[in-house]
Number of protein chains: 2
Amino acid sequence: MAHRIISDEELLATALDLFRTYGFEGVSIKQLADATGLEKASLYYRFPGGKDEIVMAVAGDVVAWFEKNIFDPLAGAGSIRKRLAFVIERLREFYVGGTKACIMDLLSIPGGSEELKAALKEAMKTWISAFADVAKESGLSPALARSRAEEAIVRFEGSLVVSRVMGDTSAFERILKALPELLTVA
Amino acid sequence: MAHRIISDEELLATALDLFRTYGFEGVSIKQLADATGLEKASLYYRFPGGKDEIVMAVAGDVVAWFEKNIFDPLAGAGSIRKRLAFVIERLREFYVGGTKACIMDLLSIPGGSEELKAALKEAMKTWISAFADVAKESGLSPALARSRAEEAIVRFEGSLVVSRVMGDTSAFERILKALPELLTVA
DNA sequence: GTCTATATTAAGATAGAC
DNA sequence: GTCTATCTTAATATAGAC
């Protein structure tokens with residue numbers, strides 16, 4: 001077969017899609033090879049640690065994406081409402097309208113490395129803090145801002161689970177719509 | 001080895017624990033055999049359909065448990081507050097204080113049968129309806145009762161995801177505490 | 001840097017003894 | 001109804017050609 005070339009970025013985007021659909025245990029090196037057009041041996045050449053290393057790289061890419069598209073914009077310029085509206089649009093895109101699961105849900109199921117578990121926990125903490133900072137800026141007390149941020153993440157994650165089980169993304173749309181009210185003073 | 005005897009009930013309870021920890025793809029017949037003390041061939045004798053049949057039986061048992069411990073008590077006698085307090089205690093037990101995941105989360109990840117997917121969806125619909133009926137009985141309008149019930153399930157599922165990722169069950173405890181307020185008029 | 005080929009281990013599944 | 005033994009397929013992982 002002709003040699004296939006694929007950038008790390010493209011490769012990891014393909015891997016992300018597999019992992020957030022089937023979970024860590026549900027994805028094999030063979031599947032990753034087929035989906036990327038590479039042979040298994042080529043994947044091992046680029047990621048000698050195998051699936052564990054690939055999934056860690058995927059998680060790293062997702063965290064970088066969140067920094068650029070969620071955390072930085074949330075802390076940026078413009079009115080809080082506008083920043084939230086922007087971020088909500090990015091979240092809708094990333095989760096494809098609620099049809100794609102969150103890697104914090106699927107990859108936190110035992111099977112992956114301790115390193116992965118730690119990275120997911122760190123990412124969730126960062127996300128909660130980013131939401132809490134906005135809520136504080138909008139005028140909520142630090143304690144209330146924090147609890148509203150945690151509730152927002154809980155509802156966000158739950159809406160993705162419910163959307164998947166029900167085969168209906170309305171729960172996801174509802175939490176996106178509720179986010180501004182949750183994270184700002186009425 | 002001496003022949004092992006184990007009841008279906010005990011066997012399926014063991015299987016439930018594995019499936020809600022590792023997910024469908026994360027559990028092998030070998031693991032189920034080791035955990036139940038039976039050989040693989042004995043599992044196939046009792047469940048000729050293999051893992052798919054075992055996980056369906058597990059789901060059936062869980063639904064039966066919910067009918068007996070959640071849905072029936074919710075529709076039963078006594079004050080709404082008392083019924084909710086009873087049910088919240090049962091939920092805390094079933095999810096072991098938020099340390100065990102929900103099978104609707106883990107088993108809705110692709111890998112299982114279409115039959116399983118349908119059963120999980122049906123179970124979630126039943127759960128939402130049971131919550132909505134209580135909210136209606138407490139005086140909320142049908143529309144508001146339904147949206148509160150859906151929010152309760154979303155937050156319940158989300159709290160289990162967040163508890164797992166964070167390694168901290170406080171999110172689960174928070175939703176249990178919030179349930180009475182969510183499902184009744186203030 | 002990707003390929004073909006292969007080694008090794010594990011998973012799913014069944015046959016037949018007891 | 002459970003066991004041991006075995007078959008087949010799939011998964012992880014590596015060696016070596018190009």
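Naming convention: chains lettered A, B, ... in sequence-line order (proteins, then strands); numbering from 1 in each chain.
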Student: What do you reckon, is CD of A:Glu9 surrounded by more than 12 foreign heavy atoms closer than 6.0 Å?
Tutor: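 Not more than 12 within 6.0 Å, no.
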Student: Could you tell me how the ring of B:Phe66 sits relative to the ring of B:Phe71: parallel (under 30°), tilted (30 to 60°) or perpendicular (over 60°)?
Tutor: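 Tilted: the ring planes of B:Phe66 and B:Phe71 meet at 30° to 60°.
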Student: Find which nucleotide of DNA chain D each of B:Leu38 and A:Val27 is nearest to by heavy atoms, and output the residue with the more 5' nucleotide.
Tutor: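 Nearer the 5' end of the strand: B:Leu38.
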Student: Does the distance from a Lys or Arg side-chain N to an Asp or Glu carboxylate O, for A:Glu137 and A:Arg83, drop under 4.0 Å?
Tutor: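 Answer for the salt bridge query: yes.
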Student: For residues 40-61 of chain A, which residues have at least one heavy atom under 4.0 Å from DNA chain D?
Tutor: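 Heavy-atom cutoff 4.0 Å gives A:Lys40, A:Ala41, A:Tyr44, A:Lys51.
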Student: In this structure, how many angstroms lie between the P atom of D:dT2 and the CD atom of B:Glu39, rounded?
Tutor: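 For the pair B:Glu39 CD and D:dT2 P, the rounded distance is 11 Å.
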Student: Ion pair present between B:Arg20 and B:Asp105, side-chain N to carboxylate O less than 4.0 angstrom?
Tutor: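 Salt bridge absent between B:Arg20 and B:Asp105.
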Student: Mind calculating the distance between CZ (A:Arg4) and C1' (C:dT4) to the nearest angstrom?
Tutor: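 Answer to the nearest Å: 19 Å.
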Student: Report the end-to-end axis angle of the helix from C:dG1-D:dC18 to C:dC18-D:dG1; each axis comes from five terminal pairs, and the value is rounded to 10°.
Tutor: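 Between the axes fitted at each end of the helix from C:dG1-D:dC18 to C:dC18-D:dG1 lies an angle of 0°.
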Student: Could you state the CD1-C1' distance from B:Ile6 to D:dC3, rounded to the nearest angstrom?
Tutor: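 Atom CD1 in B:Ile6 sits about 16 Å away from atom C1' in D:dC3.
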Student: Tell me whether B:Glu173 is salt-bridged to B:Arg92, with the criterion being a basic N under 4.0 Å from an acidic carboxylate O.
Tutor: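 So B:Glu173 pairs with B:Arg92 through a salt bridge.
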Student: Quickly work out the B:Lys30 NZ to D:dT6 C1' distance and round it to whole Å.
Tutor: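 In whole Å, D:dT6 C1' lies 16 Å from B:Lys30 NZ.
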Student: Would you indicate which nucleotide in C:dG12, D:dC3, D:dA11 comes nearest to any side-chain atom of A:Ser28?
Tutor: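 Output: D:dA11.
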Student: Flag the pair B:Glu151 and B:Arg155 as a salt bridge only when some basic side-chain nitrogen lies within less than 4.0 angstrom of an acidic carboxylate oxygen.
Tutor: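 A salt bridge links B:Glu151 with B:Arg155.
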Student: Round to the nearest Å and state the distance from A:Asp8 atom CG to C:dT2 atom P.
Tutor: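 Checked: the CG to P distance equals 9 Å.
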Student: For atom CD of A:Glu89, decide whether the heavy atoms of other residues, nucleotides or ligands shown that lie under 6.0 angstrom number more than 12.
Tutor: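 Yes, because the 6.0 Å sphere around CD of A:Glu89 holds more than 12 heavy atoms from other groups.
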Student: Could you state the CD1-P distance from B:Ile29 to C:dT9, rounded to the nearest angstrom?
Tutor: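 So the two atoms are 22 Å apart, to the nearest Å.
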Student: May I ask you to say what A:Ile5 touches in the nucleic acid, namely base, sugar-phosphate or nothing, with a heavy-atom cut-off under 4.0 Å?
Tutor: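 Nothing, no heavy atom under 4.0 Å.
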Student: Give a yes or no on this: more than 12 heavy atoms of other residues, nucleotides or ligands lie within 6.0 Å of atom CD of B:Glu181.
Tutor: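 No, CD of B:Glu181 has 12 or fewer neighbouring heavy atoms, counting only those of other groups under 6.0 Å.
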Student: Please determine whether side-chain contact (heavy atoms from CB on, under 4.5 Å) holds for the pair B:Val27 and B:Ile54, giving the CA-CA distance in whole Å, both sets of side-chain angles, and the decisive distance to 0.1 Å.
Tutor: CA-CA 11 Å; B:Val27 177; B:Ile54 295 173; over 6 Å; no
